[in-house]
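Presented below is the structure to which this report refers.
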Amino acid sequence: MRSWDAAVERAQGRLAAGERLRAAAEGEERRFALWDLASLVEGELAELVDPDGLAPEAERGWRERLGESGREWPGGELYRRRYWIRDEHGEDVGTVAVDNWTKGPSQLAVSSLYVRPGSRGRGLAAAALDEVYAAAAAEGLPGFRLEAHWSWQPAVRYYLRRGLWVVGWKRSLSLARMPQLPSYRVREEDGRLLLLVADRQRGWVPILAAGREGRWLRLDETADYRSCDAWVHEYARSTLALHLALAGWPMVRGPQWWAEAWRWAEAGEPEGLAHRIEQFEQEARGTGRRTVGRCRPVPAPEATAQLADSGDG
């Protein structure tokens with residue numbers, strides 16, 4: 001067994017032994033699959049269902065509406081461990097799963113994060129993510145990574161509020177929490193969106209500033225950005241790009257940038273994310289799925305949307 005595989009195995013043991021999570025037992029595969037289905041129905045169809053109250057006929061109907069993404073995948077326990085999120089009374093109120101091998105730079109891969117509607121707003125999902133991060137750190141693994149579809153707007157905004165960094169958008173949005181990356185926040189100030197990182201001596205330090213030049217984006221770097229380490233350089237622009245998209249700000253710095261947006265189709269500059277969002281939306285329309293609304297690379301100046309603040313809220 002490779003060293004990273006052994007570290008993942010030990011991290012899984014820590015999660016199973018903790019108080020906030022309960023490892024899914026043999027025979028609970030179907031129940032976990034129904035909770036997974038409830039998460040998909042909410043994310044893709046914007047409808048709420050009771051996972052423990054799904055009759056077989058209703059389940060078939062939801063899976064048909066979801067198409068390929070609604071398929072049940074038997075044997076999923078072979079590649080990941082599944083856990084129930086428990087509340088203060090020890091009741092199962094949500095789910096989370098962790099792969100049996102690492103992703104990216106040897107990170108734990110998280111999926112199936114879901115808390116039933118009646119148990120939300122109590123920090124249970126956040127505590128589950130903290131538990132996964134602590135288990136990874138204890139075994140020398142660099143945090144965790146998860147995927148989120150662009151159309152799952154409440155989930156995407158939640159992950160940003162939790163301070164996850166955006167590390168890519170190849171097939172979906174990839175977000176991560178890593179010890180190499182500091183805490184950050186995005187705020188609007190004097191007509192600009194600022195990306196700030198935490199510094200022990202100086203507090204919150206701005207490193208990138210996004211503004212408008214007519215209907216185009218203006219993206220400025222500070223001297224602190226140029227002196228940041230490689231990890232921040234790698235993901236700061238991608239992270240600010242997603243905040244720009246959610247806030248409805250321009251994401252393109254001019255025609256020449258848009259012409260080369262394909263160069264950042266997996267991560268990097270905001271033009272690359274604008275390009276991928278157009279593709280995400282086109283794919284959704286092609287399969288009859290719910291769309292967020294066509295992402296215009298150069299939105300009208302008055303277009304505003306609530307900014308997902310990744311501060312302490």
Side-chain angles (χ1 to χ4, degrees), residues 11-25 28 31-54 62 80-99 107-138 143-149 151-166 173 175-179 183-187 198 242-243 246 305-313:
Q12 299 277 24
R14 288 179 179 274
L15 292 173
E19 296 182 357
R20 297 183 183 277
L21 304 179
R22 178 179 72 83
E28 291 188 302
R31 185 183 181 216
F32 198 97
L34 291 176
W35 285 59
D36 255 350
L37 177 60
S39 177
L40 287 169
V41 169
E42 182 176 351
E44 297 195 20
L45 304 176
E47 298 194 45
L48 299 178
V49 298
D50 175 11
D52 283 335
L54 272 174
W62 289 120
R80 64 178 188 163
R81 305 278 181 87
R82 294 165 300 180
Y83 301 93
W84 297 101
I85 298 174
R86 299 191 292 188
D87 65 9
E88 61 273 19
H89 305 296
E91 295 183 11
D92 299 335
V93 296
T95 59
V96 67
V98 178
D99 284 8
Q107 299 164 313
L108 292 181
V110 175
S111 60
S112 296
L113 182 65
Y114 172 78
V115 173
R116 65 187 182 192
S119 299
R120 295 175 187 173
R122 294 151 56 186
L124 297 170
L129 290 179
D130 288 346
E131 194 89 353
V132 173
Y133 185 78
F144 65 80
R145 179 180 297 213
L146 54 79
E147 308 293 317
H149 295 290
S151 61
W152 292 34
Q153 293 285 290
V156 172
R157 292 176 183 274
Y158 173 77
Y159 294 137
L160 291 185
R161 288 197 303 272
R162 293 301 307 162
L164 272 61
W165 289 74
V166 179
L173 301 173
L175 302 101
R177 180 180 175 187
M178 304 167 61
S183 298
Y184 80 89
R185 59 176 51 173
V186 171
R187 73 175 182 225
L242 183 53
H243 281 272
L246 293 173
Q306 184 178 1
L307 174 64
D309 181 11
S310 62
D312 302 327

Where do [X] and [Y] come nearest, in terms of heavy atoms and distance?
{"X": "A97", "Y": "R80", "value": "CB-NH1, 3.4 Å"}
{"X": "R162", "Y": "A126", "value": "CZ-CB, 3.4 Å"}
{"X": "G143", "Y": "A136", "value": "O-CB, 3.7 Å"}

For the residue pair [X] and [Y], establish whether any side-chain heavy-atom pair is separated by less than 4.5 Å.
{"X": "Y158", "Y": "R120", "answer": "no"}
{"X": "R116", "Y": "L124", "answer": "no"}
{"X": "L175", "Y": "V156", "answer": "no"}
{"X": "R20", "Y": "Y83", "answer": "no"}
{"X": "R81", "Y": "L15", "answer": "no"}
{"X": "D87", "Y": "R122", "answer": "yes"}

Short N-O contact, R82 and E28, less than 4.0 angstrom: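 Here R82 does not pair with E28 in a salt bridge, since their nearest N and O are not under 4.0 Å apart.
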Worked check of side-chain contact (heavy atoms from CB on, under 4.5 Å) between S119 and E91: CA-CA 10 Å; S119 299; E91 295 183 11; over 6 Å; no
What distance do [X] atom [atom1] and [Y] atom [atom2] have between them, rounded to the nearest 0.5 Å?
{"X": "Y114", "Y": "L40", "atom1": "OH", "atom2": "CG", "result": "10.5 Å"}
{"X": "Y184", "Y": "L164", "atom1": "OH", "atom2": "CG", "result": "7.0 Å"}
{"X": "Q107", "Y": "M178", "atom1": "CD", "atom2": "CE", "result": "4.5 Å"}
{"X": "L129", "Y": "R177", "atom1": "CG", "atom2": "CZ", "result": "8.0 Å"}
{"X": "R145", "Y": "L108", "atom1": "CZ", "atom2": "CG", "result": "12.0 Å"}
{"X": "F32", "Y": "L37", "atom1": "CZ", "atom2": "CG", "result": "12.5 Å"}

Candidate pair W84 and T95, rule side-chain contact (heavy atoms from CB on, under 4.5 Å), full reasoning: CA-CA 5 Å; W84 297 101; T95 59; 3.6 Å; yes
Criterion side-chain contact (heavy atoms from CB on, under 4.5 Å) on L34 and D52, from CA distance to verdict: CA-CA 7 Å; L34 291 176; D52 283 335; 6.0 Å; no
Donor-acceptor pair, side chain of E44 and main chain of W152, under 3.5 angstrom: no
Steps toward side-chain contact (heavy atoms from CB on, under 4.5 Å) verdict (Y159, L113): CA-CA 11 Å; Y159 294 137; L113 182 65; 3.8 Å; yes
Atom CD of E88: over 12 foreign heavy atoms under 6.0 Å: yes
Residues forming a salt bridge (charged side-chain N to carboxylate O under 4.0 Å, His left out) with D92, sequence neighbours excluded: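 Counting only residues at least two positions away or on another chain, D92 forms a salt bridge (charged side-chain N to carboxylate O under 4.0 Å, His left out) with R22, R31.
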